[in-house]
Number of protein chains: 2
Amino acid sequence: MTTELPHTEATEDGYGGAVSQTLARVARLHRLAGGRLLRPTGLCSGQEFLMMALWDAGPVRQSELARALDLDPSTVTLTLRRLEQGGYVIRARDPHDRRVMLVRASEESYALRPKVAEVWGQLEEHILDGLDDAEREAFARILSKVEKNLAPGEEDSPDA
Amino acid sequence: MTTELPHTEATEDGYGGAVSQTLARVARLHRLAGGRLLRPTGLCSGQEFLMMALWDAGPVRQSELARALDLDPSTVTLTLRRLEQGGYVIRARDPHDRRVMLVRASEESYALRPKVAEVWGQLEEHILDGLDDAEREAFARILSKVEKNLAPGEEDSPDA
DNA sequence: ACGCATTAATTGGCTGACCAATGATTGGTC
DNA sequence: GACCAATCATTGGTCAGCCAATTAATGCGT
């Protein structure tokens, strides 16, 4: 028999959280699309954020990257090591504090910078295709609110 | 010196794709929050979609699941194996076609069903907190459009 | 000056998810 | 009936990302 399964869509399913579910699906598709666009640059989905941070800032300690991007330190370590191996990034111990690892974008990596910007532009166009200005504005505004709601560190404690 | 890095926020950064970038961050936070809420049930982020599909449908072939959820077959195989090991799922070869694997939710797993629904509800509330009805409606509508834009399989080919 | 808490980074273990290639099984066609 | 293409699932390899525990280095307090 093998029951018929509806092709995943924004149809009410009796579990509630319709928007949340749609968001989850959109999130996956978005990441996937981004990864595809990013492929030609040699970067993987997720690495672009690290690189963008490094392009915009001088030598940075990893802990600073983890804090700024709200990533787990172990994630930063591993990803940076791979980026280093790919020649995108240069890591060196800070002589003044030998605990810290100072990271900076390699000279060659700057060639990717405009390409990454290009990718973001394409992706933006793709996801917003067919939306009028009002919708785009609304989407941006609402998304920001949602981000604040999900903001890291404000689980329960009303104030720090 | 270790340059100061701005705490990731929806601030223009010279890369364009502001909305897309915000979406990417929201996506990560959303998945993370969902995972946390899901933890008590014993499920991991991502598995809930499989389970929901199985709860709503009888014995299903894996290929059907992959198609319906738009997942890679290998992802389905691995995740289902883990779910099987956890006792959430039962897999058996179809006697009529020994290529296919028929999958169904275990009896005990149905206890999780309301909890998962609960989680979706909580998550929905969390992300939409502080949004008025109009914004919620707009968000849902726009997300659906975005999902269509990202819809799988419509990369280039205008029609099949 | 010694010791202990803090901070930085790393390792190990586990998750979903992808892609590409392989192994079964089936079903058509000649 | 033999062969060959299509289908289903699996394996092997890669990635980001998390958490928990560990090691290294610093700095503060007594």
Side-chain angles (χ1 to χ4, degrees), chain A residues 2 24-25 27-39 41-51 59-86 88 91-103 152, chain B residues 2 24-25 27-39 41-51 59-86 88 91-103 152:
Chain A
T2 71
R25 287 195 305 271
R28 217 192 94 250
L29 294 172
H30 182 254
R31 183 183 181 84
L32 202 59
R36 264 192 246 280
L37 289 175
L38 220 49
R39 177 107 18 161
T41 71
L43 293 175
C44 292
S45 206
Q47 303 184 330
E48 78 274 27
F49 286 105
L50 261 321
M51 290 311 301
V60 175
R61 46 173 64 191
Q62 291 187 188
S63 56
E64 179 66 10
L65 279 174
R67 190 196 58 80
L69 300 183
D70 186 41
L71 285 174
D72 191 274
S74 62
T75 301
V76 174
T77 292
L78 192 58
T79 303
L80 281 181
R81 190 186 299 160
R82 279 196 261 256
L83 286 171
E84 183 181 36
Q85 192 142 16
Y88 303 104
R91 302 195 312 153
R93 292 221 103 89
D94 183 350
H96 300 85
D97 186 340
R98 287 164 58 192
R99 287 172 299 181
V100 336
M101 228 20 180
L102 288 182
V103 193
Chain B
T2 71
R25 288 195 304 272
R28 219 192 92 249
L29 293 172
H30 182 254
R31 184 182 180 84
L32 202 60
R36 263 191 248 281
L37 289 175
L38 220 50
R39 178 105 19 155
T41 70
L43 294 175
C44 292
S45 206
Q47 302 184 330
E48 78 274 28
F49 286 105
L50 259 323
M51 290 312 300
V60 174
R61 46 174 62 189
Q62 291 187 188
S63 56
E64 180 66 11
L65 280 174
R67 190 196 58 80
L69 301 182
D70 186 41
L71 285 174
D72 191 274
S74 62
T75 301
V76 174
T77 292
L78 191 58
T79 303
L80 280 182
R81 189 186 299 159
R82 280 196 260 255
L83 285 172
E84 182 182 36
Q85 192 143 16
Y88 302 104
R91 302 194 314 153
R93 293 221 101 90
D94 183 350
H96 300 84
D97 186 342
R98 288 164 58 190
R99 287 172 299 183
V100 337
M101 218 39 168
L102 288 182
V103 194

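A, B, ... follow the sequence lines: proteins, then strands. Residue 1 opens every chain.
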Undergrad: Could you check which of D:dA16, C:dT10, C:dT15 has an atom nearest any side-chain atom of A:M101?
TA: C:dT10
Undergrad: Would you mind telling me which of D:dC8, C:dT11, D:dC15 lies closest to the side-chain atoms of B:V100?
TA: D:dC8
Undergrad: What nucleic acid atoms does A:R91 come within less than 4.0 Å of, heavy atoms only: base, sugar-phosphate, or nothing?
TA: sugar-phosphate
Undergrad: Given atom CD of A:E84 and atom P of C:dT10, what is their separation to the nearest angstrom?
TA: 9 Å
Undergrad: Is the closest side-chain heavy-atom distance between A:D70 and B:R28 below 4.5 Å?
TA: yes
Undergrad: Out of C:dC19, D:dG17, C:dT15, which nucleotide sits closest to the side chain of A:R36?
TA: C:dC19
Undergrad: Paired with C:dC30 by Watson-Crick or G-U wobble geometry, both distances under 3.5 Å: which nucleotide is it?
TA: D:dG1
Undergrad: Quick one: B:R93 CZ to D:dC8 C1', roughly how many Å, whole number?
TA: 8 Å
Undergrad: From the options D:dA16, C:dT10, C:dT11, select the nucleotide whose nearest atom is closest to the side chain of A:Q62.
TA: C:dT10
Undergrad: Which of these nucleotides, D:dC18, D:dA6, C:dT10, is closest to any side-chain atom of A:R81?
TA: C:dT10
Undergrad: CG of A:L80 versus P of C:dT10: gap in Å, rounded?
TA: 8 Å
Undergrad: CZ of A:R99 versus P of C:dT7: gap in Å, rounded?
TA: 9 Å
Undergrad: Could you tell me whether A:S63 contacts a base, only the sugar-phosphate backbone, or nothing, with contacts defined as non-hydrogen atoms closer than 4.0 Å?
TA: sugar-phosphate
Undergrad: Are A:L32 and A:R36 side-chain neighbours, meaning at least one heavy-atom pair lies under 4.5 Å?
TA: yes
Undergrad: Going from OG1 on A:T77 to CG on A:L65, what distance comes out if it is rounded to the nearest 0.5 angstrom?
TA: 10.0 Å
Undergrad: Under 4.0 Å between a side-chain N or O of A:R61 and OP1 or OP2 of C:dA9?
TA: no
Undergrad: For B:L83 and C:dA17, what is the distance between atoms CG and P respectively, to the nearest whole Å?
TA: 11 Å
Undergrad: Would you call A:L102 and A:R61 a side-chain contact if the rule is heavy atoms closer than 4.5 Å?
TA: yes
Undergrad: On DNA chain C, check which nucleotide each of A:R28 and A:D72 is closest to and give me the residue with the more 5' one.
TA: A:D72
Undergrad: Mind checking if B:S74 touches a base, just sugar-phosphate, or nothing, with heavy atoms under 4.0 Å?
TA: base
Undergrad: Inspect the contact between A:R67 and A:E64 and indicate whether a charged nitrogen and a carboxylate oxygen are less than 4.0 angstrom apart.
TA: yes
Undergrad: With respect to the side chain of A:D97, which nucleotide from D:dC18, D:dA25, C:dA17 is positioned closest?
TA: D:dA25
Undergrad: Hey, is the main chain of B:M101 close enough, under 3.5 Å, to the side chain of B:R91 for a donor-acceptor pair?
TA: no
Undergrad: For A:H96 and A:T79, take the nucleotide of DNA chain D holding the closest heavy atom to each; which residue's nucleotide lies nearer the 5' end?
TA: A:T79
Undergrad: Provide, to the nearest angstrom, the distance between the CG atom belonging to B:L102 and the P atom belonging to D:dC8.
TA: 12 Å
Undergrad: What's the closest nucleotide to the B:T75 side chain, out of D:dC15, C:dA17, C:dC19?
TA: C:dA17
Undergrad: Side-chain N or O of B:R82 versus OP1/OP2 of C:dT15: is the shortest distance under 4.0 Å?
TA: yes
Undergrad: May I ask you to say what B:L78 touches in the nucleic acid, namely base, sugar-phosphate or nothing, with a heavy-atom cut-off under 4.0 Å?
TA: nothing
Undergrad: Using a heavy-atom cut-off of under 4.0 Å over every strand shown, decide if B:R39 touches base, sugar-phosphate, or nothing.
TA: nothing
Undergrad: Looking only at side-chain atoms of B:R98, point me to the closest of C:dT25, D:dA9, C:dG16.
TA: C:dT25
Undergrad: Expressed in angstrom and rounded to an integer, what is the separation of A:L32 atom CG from D:dC15 atom C1'?
TA: 12 Å
Undergrad: Answer yes or no: does a side-chain N or O of B:Q47 lie under 4.0 Å from OP1 or OP2 of C:dG16?
TA: yes
Undergrad: Rounded to whole Å, how long is the line connecting atom CG of A:D94 with atom C1' of C:dA8?
TA: 11 Å
Undergrad: Regarding A:T77, tell me which of base, sugar-phosphate or nothing describes its non-hydrogen contacts under 4.0 Å with the strands shown.
TA: base
Undergrad: Answer yes or no: is there a side-chain heavy-atom contact under 4.5 Å between A:L50 and A:L71?
TA: yes
